[in-house]
Amino acid sequence: MTEIIFLVETDDDGGYVAQALGQSIITQAEDLETLKKEVKDAVHCHFPDETLRPKIIRLHIVKDEVFAS
């Protein structure tokens, strides 16, 4: 695997939640910079063998806006 993709959404309580697509990895943080660090740490924990670890981490950030018509 050369790449892993995380779906990033805003959390109802504030901050962000990131969930890997196709893997059992999920993490959260208060801001995007911290989330990047948390995601990287989670990937390293999930793939302790460096040869099996994805080389690229992609964050797909989804923003859901709701407004009155």
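Residues take their numbers from the sequence shown, with the count starting at 1.
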Inset, instruction - May I ask you to test the Glu50-Arg53 pair for a side-chain heavy-atom distance under 4.5 Å? - result: yes

Legend entry - Pairwise side-chain contact, Gln28 with Asp11, heavy-atom cut-off 4.5 Å (strictly under): yes

Legend entry - Separation between CD1 of Ile61 and CG of Leu32, rounded to the nearest 0.5 Å: 5.0 Å

Legend entry - Phe6 versus Ala20, closest heavy-atom pair with distance: CD2-N, 3.4 Å

Legend entry - More than 12 heavy atoms from other groups under 6.0 Å of CG on Asp64: no

Inset, instruction - Given side-chain contact (heavy atoms from CB on, under 4.5 Å), test Ile5 with Ile57 step by step and report yes or no. - result: CA-CA 6 Å; Ile5 301 171; Ile57 299 171; over 6 Å; no

Inset, instruction - Compare all side-chain heavy atoms of Val62 with those of His60 and state whether any distance is below 4.5 angstrom. - result: yes

Inset, instruction - Would you mind checking if Lys36 and Glu38 are paired as a salt bridge, meaning a charged N to carboxylate O distance below 4.0 Å? - result: no

Legend entry - Heavy atoms of other groups near Asp12 CG, more than 12 under 6.0 Å: no

Inset, instruction - Decide yes or no on salt bridge (Lys or Arg N to Asp or Glu O under 4.0 Å) for Glu3 and Arg58, but give the supporting numbers first. - result: CA-CA 7 Å; Glu3 179 178 83; Arg58 184 179 304 273; 2.7 Å; yes

Legend entry - From NZ (Lys40) to SG (Cys45), nearest 0.5 Å: 12.5 Å

Inset, instruction - State, with a plain yes or no, whether a side-chain heavy atom of Thr2 is found less than 4.5 Å away from one of Pro54. - result: no

Legend entry - Lys55, NZ: over 12 other non-hydrogen atoms inside 6.0 angstrom: yes

Inset, instruction - Locate the shortest heavy-atom distance separating Leu52 from Phe47; write the atom from each residue and the value. - result: O-CD2, 3.7 Å

Inset, instruction - Answer whether the closest heavy-atom distance between the side chains of Val8 and Leu35 falls below 4.5 Å. - result: yes

Legend entry - Criterion side-chain contact (heavy atoms from CB on, under 4.5 Å) on Gln23 and Ile4, from CA distance to verdict: CA-CA 9 Å; Gln23 299 291 330; Ile4 188 166; 3.9 Å; yes

